[in-house]
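Read through the structure below, which is laid out as structure tokens, and then see the notes.
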There are 2 protein chains.
Amino acid sequence: MRLRFTRQRAGMTENTNRNPETQLTMQVVNHVRSLIEGGTLRPGDKIPAEREFAKELKISRASLRAGIGHLAAMGVLNVRHGVGTFVADGPPALGTASLALLGALHGFKPWQMFEARLILESHLAAMAAERGKEEHFTALAEEVTEMYATFHEPQEYLIHDMRFHRTIAEASGNPILAVLMETIMTALYDERRKTVERSRDLKQAAEVHREIYRAIRSRNAKEARTVMEKHLKLAESAQVSEMKRGAAKKKAVRKESTEE
Amino acid sequence: MRLRFTRQRAGMTENTNRNPETQLTMQVVNHVRSLIEGGTLRPGDKIPAEREFAKELKISRASLRAGIGHLAAMGVLNVRHGVGTFVADGPPALGTASLALLGALHGFKPWQMFEARLILESHLAAMAAERGKEEHFTALAEEVTEMYATFHEPQEYLIHDMRFHRTIAEASGNPILAVLMETIMTALYDERRKTVERSRDLKQAAEVHREIYRAIRSRNAKEARTVMEKHLKLAESAQVSEMKRGAAKKKAVRKESTEE
DNA sequence: GGTGGCATGTGGTCAGACCACTAGATAGTC
DNA sequence: GACTATCTAGTGGTCTGACCACATGCCACC
């Protein structure tokens with residue numbers, strides 16, 4: 001049974017739903033939203049059980065679940081099977097796979113990803129140098145240490161790499177920029193995870209992270225920014241070459257794969 | 001019947017789902033994702049009817065709908081009652097209300113919104129000056145004209161204001177940054193819509209937009225950036241004063257409306 | 001030639017049952 | 001007494017099949 005994915009174009013492009021309140025699922029979303037905005041629900045809180053909540057809202061459990069699904073997809077709610085549904089806690093984040101999916105959909109190019117990241121992170125580094133607190137510096141130092149300790153285990157190394165950049169974002173004092181950066185980083189590292197095994201120079205990368213740390217720690221915003229830019233440009237070419245190396249190896253079915 | 005929103009904290013903060021494939025709804029998300037990444041589904045395409053698609057995937061319609069709900073919330077799918085479900089078309093955008101909701105959740109401050117926007121848009125303006133195409137310039141000019149024509153109708157004016165900035169983002173040649181900017185702008189203008197009625201100096205604002213346009217048009221990246229920064233700082237103080245003006249008025253009226 | 005209404009296909013909602021997972025309580029074992 | 005296995009209650013996850021609401025094209029009717 002072959003299903004067809006009709007190529008027919010959907011006429012109207014800018015179709016705003018007329019009655020936002022007619023949609024039961026949207027009604028749920030708005031209800032929860034107002035509870036959050038009104039302060040009734042705060043991060044980490046548990047919302048009522050589905051059967052109970054549905055009765056309260058006078059809708060079926062299915063409709064309630066549709067609304068919860070929306071909120072969960074947006075990263076506002078955190079559903080845990082067998083336990084309950086909670087308002088998102090911890091570091092804010094947009095819908096998990098959203099950017100990666102949008103990327104596939106609109107054909108984002110890797111260089112565009114890196115460009116976006118460069119812009120965001122260079123500012124974040126500078127801001128972290130200016131506004132960072134002692135606790136952030138401590139966390140950064142720890143991650144650098146871990147990087148040095150794990151540069152022989154790429155997957156492990158990557159985790160600390162991510163945490164390092166995440167901490168900088170947090171230290172910047174602007175959670176919105178942190179969220180945006182996180183969104184891009186997630187998409188980027190998703191790809192990186194597959195290629196990092198082929199990486200060399202992980203030790204050198206740790207070196208650069210140490211430089212960044214020192215610049216931030218000494219509150220030298222300009223320097224932090226410069227080094228971060230250098231790091232990211234390096235990272236870009238590293239990832240590109242990793243990807244090429246992977247592609248080359250894949251094609252080299254015969255053992256002729258001499259690494260240029 | 002009073003429902004309680006338990007304040008109990010949810011222990012684990014970093015809970016990654018162990019089996020991403022165990023979740024039927026995630027299975028649907030990943031399936032569609034792979035269809036998109038594989039090129040089988042492209043923007044504007046119609047996916048099979050729910051009953052049919054569910055049978056194909058050997059899952060119930062309910063589960064399928066859960067997955068579709070997720071994708072719709074992320075802005076990847078576009079569901080139209082009585083018509084069908086389509087792969088998102090037009091300008092890419094992250095989940096609609098996500099940032100606004102996250103803002104309420106984590107208490108984003110207005111100045112943080114503006115700071116984030118300033119960083120993004122100043123770069124976007126410079127990039128638009130460097131990479132913009134003739135068609136973009138034309139569109140920008142049109143929007144400026146419209147702004148001059150409608151500065152007595154704030155709501156109308158706002159639309160063109162948004163379109164102007166959106167066009168710059170598009171002209172920058174980096175759709176990722178455009179998406180991020182759009183996310184922030186949506187949250188910001190959502191608020192602005194309520195206060196713009198009290199705005200003065202809309203004509204002056206149009207003036208500044210014209211300056212920005214001229215800088216971009218003449219491919220003067222540095223100038224475009226500078227003027228954009230000036231504009232956004234102006235816009236920030238304008239909105240703040242609008243909000244203050246509104247707060248004063250609201251106290252006098254003392255009107256309590258029902259929650260929707 | 002126009003127009004109202006119906007047929008069809010699609011998503012939206014409902015109800016109730018049962019499955020799967022978690023965590024705490026309980027009873028049994030060493 | 002401390003540990004471990006099992007049970008149990010509570011919660012989300014899935015299924016089924018019916019019916020409702022909406023959008024569109026077709027066709028008889030005027």
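First the proteins, then the strands, lettered A, B, ... as listed; each starts at 1.
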Contacts of type ring pair (Phe, Tyr, Trp, His ring centres under 6.0 Å), residue A:Y157, not counting sequence neighbours
none
Spacing of B:H70 atom NE2 relative to D:dT14 atom C1', expressed in whole Å
15 Å
Measure from CE on A:M26 to C1' on D:dA21 and round the result to the nearest Å.
17 Å
Got a sec, which residues hit side-chain contact (heavy atoms from CB on, under 4.5 Å) with B:A169, two or more places apart in sequence or on another chain?
B:L124, B:A178, B:M181
How would nucleotides 9-17 of chain C be written as a contact map, 5' to 3', with B for base contact, S for sugar-phosphate-only contact and - for no contact, using protein heavy atoms under 4.0 Å?
BBBBBBS-B
Quick one: side chains of residues 63-75 of chain B, donor-acceptor pairs under 3.5 Å with protein atoms, not counting sequence neighbours, listed by atom name and distance.
from: B:S63; atom 1: OG; to: B:S60; atom 2: OG; distance (Å): 3.3
from: B:R65; atom 1: NH1; to: B:E50; atom 2: OE1; distance (Å): 3.3
from: B:R65; atom 1: NH1; to: B:E50; atom 2: OE2; distance (Å): 2.9

Residues which pass side-chain contact (heavy atoms from CB on, under 4.5 Å) with B:E170, listed by chain and number, not counting sequence neighbours
B:H136
For a quick test of your reading: what N or O donor-acceptor pairs under 3.5 Å do the side chains of residues 139-146 of chain B make, sequence neighbours left out?
from: B:E143; atom 1: OE1; to: B:H160; atom 2: ND1; distance (Å): 2.8
from: B:E143; atom 1: OE2; to: B:R163; atom 2: NE; distance (Å): 3.2
from: B:T145; atom 1: OG1; to: B:A141; atom 2: O; distance (Å): 2.9

